[in-house]
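Read the numbers this way: they start at 1 and go in the same order the structure lists the ligands and their atoms.
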Amino acid sequence: MPIIYDKKKRVFHLYNKDISYLIYISLDSRLIHLHFGAHLKDYDLDTMIYHTTNYYTHFDGEKEHISSLYDFNYETSLMELASFNKGDYRSCSIKIKNHNGDETTDFTYVSHKIYKGKQKLEGLPCLKASEDDVTTLEIKLIDKAINVVVILQYNILTNYPVITRSMKVINQAEDEIILKKAYSATLDLKTSDYNLYYLSGRYGKERNVCKEKIMQGCKVLSSIEGKSSHNTSPFIALASLDACEDYGEVYSCNFIYSGNFEIKVEVDKCEFTRVLVGINPETFEYVLEKNQSFQTPEVILLYTNKGIGEMSRIYHKVINNHLISSNFLNMKRPVLLNSWEGCYFDFDTDKILKIIDEAHQLGIEMFVLDDGWFAKRNDDNSSLGDWYVNNEKVDLNKVEKRLRQYNMKFGLWFEPEMISYNSSLYKNHKDYAIKCENRDYTLMRHQMVLDMSRQDVCDNIYKQMSDIIDKYHIDYIKWDHNRSITEAYSKHLDSKHMGEFYHRFMLGTYSILERLNNDYPSLFIESCCGGGGRYDAGMLYYSPQIWTSDETDAIERLSIQEGTSFCFPCSSMGSHVSANQRTSYKTKAYVALQGTFGYELDPLKLDDETKALIKKQIKTYHEFYDLTHYGDLYYLIRPSNNAHQASWMFVSQDKKRALFTYVVTLKNKSMLTYIKLKGLKENKYYYCKEKDKTYYGKFLMEVGLDLTFDYIYSYDSIMLSFIEK
Ligand code: GLA
């Protein structure tokens, strides 16, 4: 078993060939974190326990008794679950308001369970794996003073340096308690010698890689928008100061949740680092009556000593193999044409049929009709919530028939969590929209948000969607979400439970996605959120692909896709070639080929030369599909490190094939352009078709590929393929 409990040492050891995670039960039953990092065959417990003076003693009113037996100290021990109000002055992992107002918590070990496999978290996205691929440790703790139990859930994957964590809180007391903070994971580290990597952005400029040294105090990355947001992502990495792309220690957290989250990185007076990951307590309060429980979402914790690049590659594999639905892992993604940038709201049956005819000629395999096909939706002022076809505008029977004639797939856009003021849904169910009593409500993009915390609202939307899916045999859905939540309030929650709203909203959204996944196992969902405003591991569980950004300019996409591929697989990045940009169609396609490839333009407006090029690009997509979707990604030049160029390559798992891309944004000052490749076999020869030249693997990696005389200047690019000889 990859989890053992050493009774004598009082230590849990979770391990696989790459990592070890050690937890110690102190002599007075607190859970101490000892180690997360490289695999340890053996360890010396004495040197790992932080020896402390007997400074903290307990006084029960009768006598002072020594309960911390030199192996535990609230203030300085590294904790698995940090209590509140007992002397640990760092941020706590759990905060509970007891019926008498006392918010103190102090959890001690009761028992544990170790078993093969992993349980699904009810109603929540989480990693899944067979009994051979994952082992679980559940540690039961109790705060005896308030009779509240916590189950800490740990899962270790067999084949990846990854542990997942979550927590269940159970109220065993007679009186209700209010859960005010319940982080999914606490990770204490002995030093603060780390650079923090995180992703920052805004609409149209999502997920820029940022890096800064952590210092005493707190760095908080969070969202209160009701979604994980454009502004930051529920992900961080802490890398040792000497770490770089290919070397050095990296700890990383990737939260499997799409709602309001908080990741707090705190360096205390001792230069210890505490990382807390979970639901954002700013917008969270959960009431637990007697015997009720609360399950937190799950966090992926990853460790590697092979640098930032390896962290990304591990995430790509773990997400593909253990998070997204296995129905889609091996499903080849069809090359799609999306109508949005080509037509916006301006189309009719005739135009759509002509577009489909042309798309078919080009080799497109799926047509996605974006916004504007339903109710009275001819601009963004109306109709969200009315998911019936606007038959006067577009005949979806004819559209479907034409697509089937060409053996093409049919995709349709929905924005299920929204409601327009001008809609029959709003006319008939005003209380379905989120708004506060006696207060103005805020419109964004002229729309309101549906109260997804309500079962009847979810049922209504699911029914409308499934009617359309059934009627037109829809193969693909683009699930959009175009505004943040304001005036959070539900008519169905009383004041005591109003703090549960945001989390219940998320559970409602997940419940519809789950129903769609179960009822239509081959229905492919690409989620979207005003571009990439909800790109997180939570959504990836239900929708294996996410629209990366509304920014489709190839040069802008370089940094957006770099940041996205930092912790999410390239196969999940919706990436389209669109019209009207500053770059050539060649560069647009080379950049789009990093993700899941498609077009977003009006093919009726293309000249013959561009059409011929597009046909070739689609062939290229098919030729290299297995590399871009299942290969290992290596960044050779990161746009976050270099303002002039970007370069990456995909290498097949057997290292026999590789696909190299280089894009120039500003002319290089250097007279020479040598780029060192990565991930190849050192002592094998590789043939480059485009250059009709054979290179030695080690030469390509140590000396580099010479592109000096390819004369690649601003906005130009080159793509080269390599095959082992
Ligand atoms: C959002 C999406 C776009 C498009 C429009 C339609 O902005 O990100 O891709 O679907 O909505 O209204």
Side-chain angles (χ1 to χ4, degrees), residues 201-207 225-231 258 336-347 352 355 366-387 390 393-394 410-423 443-450 465 468 474 476-485 509 524-536 539 543 545-554 556-557 560-561 564 572-581 588 592 595-602:
R202 63 163 166 81
Y203 171 75
K205 200 151 181 73
E206 297 90 339
R207 289 174 295 286
E225 295 186 32
K227 61 188 183 199
S228 47
S229 92
H230 296 86
N231 313 338
S258 316
L336 68 81
L337 174 72
N338 178 295
S339 66
W340 182 242
E341 287 192 29
C343 303
Y344 295 106
F345 295 102
D346 180 21
F347 56 83
I352 295 298
I355 287 177
M366 174 160 78
F367 173 69
V368 180
L369 187 54
D370 208 280
D371 200 350
W373 58 268
F374 53 95
K376 299 184 180 121
R377 182 87 166 171
N378 289 314
D379 55 35
D380 56 13
N381 278 295
S382 81
S383 304
L384 296 173
D386 295 348
W387 301 107
N390 180 351
K393 181 172 177 181
V394 61
F410 190 6
L412 213 51
W413 181 93
F414 287 90
E415 199 178 350
E417 299 144 285
M418 300 292 156
I419 180 166
S420 298
Y421 179 84
N422 295 318
S423 66
L443 295 180
M444 290 184 197
R445 209 196 185 199
H446 320 291
Q447 68 198 53
M448 301 161 90
V449 187
L450 277 172
M465 291 179 79
I468 296 283
I474 299 300
Y476 158 109
I477 277 183
K478 181 170 168 191
W479 175 303
D480 214 335
H481 177 104
N482 277 320
R483 65 156 288 184
S484 305
I485 294 177
T509 295
F524 191 88
I525 303 177
E526 170 162 358
S527 67
C528 174
C529 177
R534 198 162 58 178
Y535 207 126
D536 54 63
M539 289 312 281
S543 70
Q545 195 165 303
I546 300 182
W547 181 228
T548 313
S549 176
D550 273 357
E551 178 57 84
T552 52
D553 176 90
E556 292 291 346
R557 274 287 181 126
I560 296 172
Q561 293 181 183
T564 308
S572 72
M573 297 193 305
S575 194
H576 300 168
V577 171
S578 67
N580 304 326
Q581 299 167 18
K588 289 174 198 182
T596 287
F597 192 63
Y599 290 83
E600 185 145 346
L601 40 76
D602 182 350

| task | Hey, can you tell me if Y203 and H230 have their rings parallel, tilted or perpendicular (30° and 60° cut-offs)? | result | perpendicular

| Is any side-chain N of the basic residue among K205 and E551 closer than 4.0 Å to the acidic one's carboxylate O? | no

| message | For the 3.5 Å polar cut-off, considering only N or O atoms, please tell me whether R377 and ligand 1 meet it. | response | no

| note | Numbered in order shown, the ligand 1 atoms found under 4.0 Å of a heavy atom of C528 are 2 (C), 8 (O)

| request: Can you sort out which atoms of ligand 1 are near N482, meaning under 4.0 Å from one of its heavy atoms? | output: 1 (C), 7 (O), 11 (O)

| said: Yes or no: does E551 have any heavy atom under 4.0 Å from an atom of ligand 1? | reply: no

| query | For ligand 1, which atoms have a heavy atom of D371 less than 4.0 angstrom away? | reply | 6 (C), 12 (O)

| message | Classify the ring geometry of W340 against F345: parallel below 30°, tilted from 30° to 60°, perpendicular beyond 60°. | response | perpendicular

| Which protein non-hydrogen atom lies closest to atom 9 (O) of ligand 1, naming both residue and atom, and how far is it? | K478 NZ, 2.7 Å

| Spacing of R377 atom CZ and S383 atom OG [to the nearest 0.5 Å] | 7.0 Å

| task | If you have a sec, work out which protein heavy atom is nearest atom 5 (C) of ligand 1 and how many Å separate them, to one decimal? | result | W340 CE2, 3.6 Å

| Residue that, paired with Y535, satisfies side chain to side chain donor-acceptor pair (under 3.5 Å) out of S527, S572, S229 | S572

| remark: Nearest non-hydrogen protein atom to atom 8 (O) of ligand 1, with distance, is D550 OD1, 2.5 Å

| Closest non-hydrogen atom pair between F347 and W373, with its separation | CZ-N, 3.9 Å

| query | Counting distance only, does the side-chain N/O of R483 pair as donor-acceptor with the main-chain N or O of M418 below 3.5 Å? | reply | no

| task | Name the closest protein heavy atom to atom 4 (C) of ligand 1, giving the residue it belongs to and the distance to 0.1 Å. | result | D370 OD1, 3.4 Å

| message | Checking contacts here: is it the side chain or the backbone of H481 that comes within 4.0 Å of ligand 1, counting heavy atoms only? Could be both or neither. | response | neither

| said: Could you tell me, atom by atom, which parts of ligand 1 come under 4.0 Å of a heavy atom of G531? | reply: 8 (O)

| remark: If we number the atoms of ligand 1 from 1 as shown, the ones under 4.0 Å from a heavy atom of W547 are 8 (O), 9 (O)

| task | Nearest 0.5 Å please: distance from the CD1 atom of I546 over to the SG atom of C529. | result | 9.5 Å

| Which of the listed options, N338, D380, D480, holds the heavy atom that is closest to atom 11 (O) of ligand 1? | D480

| field | salt_bridge(E417, K227) N-O dist < 4.0 Å | value | no

